[in-house]
Amino acid sequence: MADSTPKTTLAPGGRPGFRPAAPHPREEERLNSLHSLHVLDSDHEKRYDDLTRLVADIFDVPICLVSLVDEDRQWFKAHCGLDARQTGRDLAFCAHALHEERFLVINDARQDERFFDNALVTGPPHVCFYAGAVLRDSSGLPLGTLCLIDHKPRQLDTAQLERLERCALLVENELIQRDALLAERARATLQANIDPITGYSLRRRYLQRMTAWLEERASQGALQVILVKLQNAERLRKQQGVDFYEGVLQSLSHQLNENFDDEGLLKGRVSHDTLMILLPRDQALHGMRWHRFVEQPWLLHLSANSRPDLLIGAGTFVSDSMSAAELVEVVEEELVCASEWAPKEKGVQFADLTDNLNLRLEMNNRFAQALRDNELCIHLQPIVTAGSQGLSGQEVLLRWQDKNRWIPPIRCCASPDTRGWMRNSISGCCAEAAPC
């Protein structure tokens, strides 16, 4: 069987060089544990820096490090007396310490056959004395060391070694608690972005997931959207109470889940009263009995003005240029408009948004192209004071002519930054008054 021990190298001058440390017997497990802490390449943290300064003072050494050893380097989570944040693993004293039970102590590296030709000994930081107490994870695997370095020979007695070990335990606790704290923060962040009533993603997380979801399905053609809006949300809260209101939302989500349970769907509570589902393929929606959403047995005893009123919009669309936030904004705007024209039956308004959505999206693309091609025209419009009939200023108007017709502002689907001002002028332009 081939010898896996690294071979002795020759340093400049022909002297036998140091032997880099062999991998730990459980190297893969050790590395997995180290990476799971998410500490490598993290920012400075004051408590680690304070610990290394304290330990350096206790042992009266110029350098103290919290060193973590990964695949090809030792990285310093804290470094007192040394500017470097890392060195190569092949030079690392700490890589040798991983094979020790508790400590690795080198009283004079210049006299040690493993290190006398190490570049860290012969050059900066001129390591002469080294004492490293092994840092371990919760299962006992070594991750690195808390180490002391001096430029002259030193020795530590038993009491000092025990003191160094106790200091190392403080660092271990910090690493383990940091891992637990990060895990708890991750759980809290996830919970904060999941609606506890419906189990759907809240708006921020929904938009984050939607970005990736749209990218994955960019080549699949048409997508479908469903929105369910509780029209009389405020009245229900006041008349029936918060618990009742939340029960209605929960019932709506259960009904949606029964009809749309594919794992590939994207479900979100995009506002306090609106649920949204994105589907990666067409599904039969027109034949659905949407009014059954408000015909639940536990709602039937309510008077007519106390039952939930729903506005449901569904549509098929193709979008290859809008961001998730822009798309949700457009869909919500079309749903609000639909409340004015969608027919109502048994407390439910249902609107097919397909034509309006696709027109909006098409106009958005055409308007963006018009901006890129500089197709908007500048018009100057005088402002006349009604009383004196005198000229008091002028408006600078941007107008867009598409296919030989002027496009009114309400039809302009620009980006959120431009959509607002495009709609502020009934002339189809951006208007800004300037004094004469």
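- Between the CG atom in L252 and the NZ atom in K229 there is a gap of 12.5 Å [rounded to 0.5 Å].
- Under 4.0 Å is where a charged nitrogen must lie from a carboxylate oxygen, and between R102 and E165 at least one such pair does.
- Distance CD/Q349 to CH2/W341: 9.5 Å, rounded to 0.5 Å.
- Side-chain atoms of E71 and H35 include a donor-acceptor pair closer than 3.5 Å.
- Taking every heavy atom of both residues into account, P23 and H99 meet most closely at O-CE1, 3.2 Å.
- No more than 12 heavy-atom neighbours from other residues, nucleotides or ligands sit within 6.0 angstrom of CD1 on I378.
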side-chain contact (heavy atoms from CB on, under 4.5 Å) evaluation trace for E246 with Q250: CA-CA 6 Å; E246 292 180 347; Q250 191 172 59; over 6 Å; no
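- A side-chain contact (heavy atoms from CB on, under 4.5 Å) with L146 holds for exactly one of V134, L51, L164; it is L164.
- Side-chain atoms of S339 come within 3.5 Å of backbone N or O of V336 as a donor-acceptor pair.
- Within a 6.0 Å sphere centred on CZ of R85, other residues, nucleotides and ligands contribute more than 12 heavy atoms.
- Within the 4.5 Å cutoff, the side chain of Y200 has no heavy atoms near those of the I194 side chain.
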Derivation of the side-chain hydrogen bond (donor to acceptor under 3.5 Å, both in side chains) call for S201 and K267: CA-CA 7 Å; S201 297; K267 302 176 182 179; over 6 Å; no
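- The two residues N193 and R204 make their nearest non-hydrogen contact at OD1-CB, 3.9 Å.
- Nearest heavy-atom pair, G315 versus L357, reported as atom, atom and distance to 0.1 Å: CA-CD1, 4.4 Å.
- Rounding to the nearest 0.5 Å places OG1 of T145 at 8.0 Å from CG of L98.
- No side-chain heavy atom of T354 sits less than 4.5 Å from a side-chain heavy atom of F317.
- Between V225 and I277 the shortest side-chain heavy-atom distance does not fall below 4.5 Å.
- Only one option out of E332, E326, E333 pairs with R360 in a salt bridge (charged side-chain N to carboxylate O under 4.0 Å, His left out); it is E333.
- Between the R163 side chain and the R166 main chain, no donor and acceptor come within less than 3.5 Å of each other.
- Contact of the M210 side chain with the L278 side chain is registered, since non-hydrogen atoms from C-beta on lie closer than 4.5 Å.
- Not one N or O on the side chain of S251 forms a donor-acceptor pair closer than 3.5 Å with the backbone of V248.
- One finds the CG atom of L135 at 9.0 Å from the CG atom of L169 (value rounded to the nearest 0.5 Å).
- With N358 contributing its side chain and T316 its backbone, the two residues share a donor-acceptor pair below 3.5 Å.
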Steps toward side-chain contact (heavy atoms from CB on, under 4.5 Å) verdict (D70, W75): CA-CA 8 Å; D70 71 4; W75 179 80; 5.7 Å; no
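- W290 and F350 have parallel rings, their planes meeting at less than 30° on a 0 to 90° scale where 60° marks the start of perpendicular.
- Although no hydrogens or angles enter the test, the distance criterion places a donor-acceptor pair under 3.5 Å between the side chain of N259 and the main chain of Q255.
- With Q74 contributing its side chain and R89 its backbone, the two residues share no donor-acceptor pair below 3.5 Å.
- Atom CG of D83 has 12 or fewer heavy atoms from other residues, nucleotides or ligands within 6.0 Å.
- Heavy-atom minimum distance, P382 versus L391: CB-CD1, 3.4 Å.
- Atom CD of E28 and atom CG of L141 lie 11.5 Å apart (nearest 0.5 Å).
- Residue L120 comes nearest to N118 through the heavy atom pair N-OD1, 2.8 Å, listed as atom of the first residue, atom of the second, then distance.
- Rounded to the nearest 0.5 Å, atoms CZ (R53) and SG (C80) are 6.5 Å apart.
- Both cation-pi conditions hold for R237 and Y245: the charged atom is under 6.0 angstrom from the six-membered ring centre and inside a 45 degree cone around its axis.
- Inter-residue side-chain proximity for E27 and L31 is flagged as met; some heavy-atom pair is nearer than 4.5 Å.
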L148 vs I63, side-chain contact (heavy atoms from CB on, under 4.5 Å): CA-CA, chis, key distance, verdict: CA-CA 6 Å; L148 312 174; I63 299 173; over 6 Å; no
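- Taking the side chain as every heavy atom from C-beta outward, E45 and E174 never approach each other to under 4.5 Å.
- Put simply, the side chain of D309 does not reach to within 4.5 Å of the side chain of L230, judged on heavy atoms.
- Among all heavy-atom pairs drawn from D49 and A78, the shortest one is OD1-CB, 3.6 Å.
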Full working for side-chain contact (heavy atoms from CB on, under 4.5 Å) between R73 and L68: CA-CA 8 Å; R73 61 175 175 160; L68 302 172; over 6 Å; no
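- In this structure, the side chains of L227 and L275 stay at 4.5 Å or more apart for every pair of heavy atoms.
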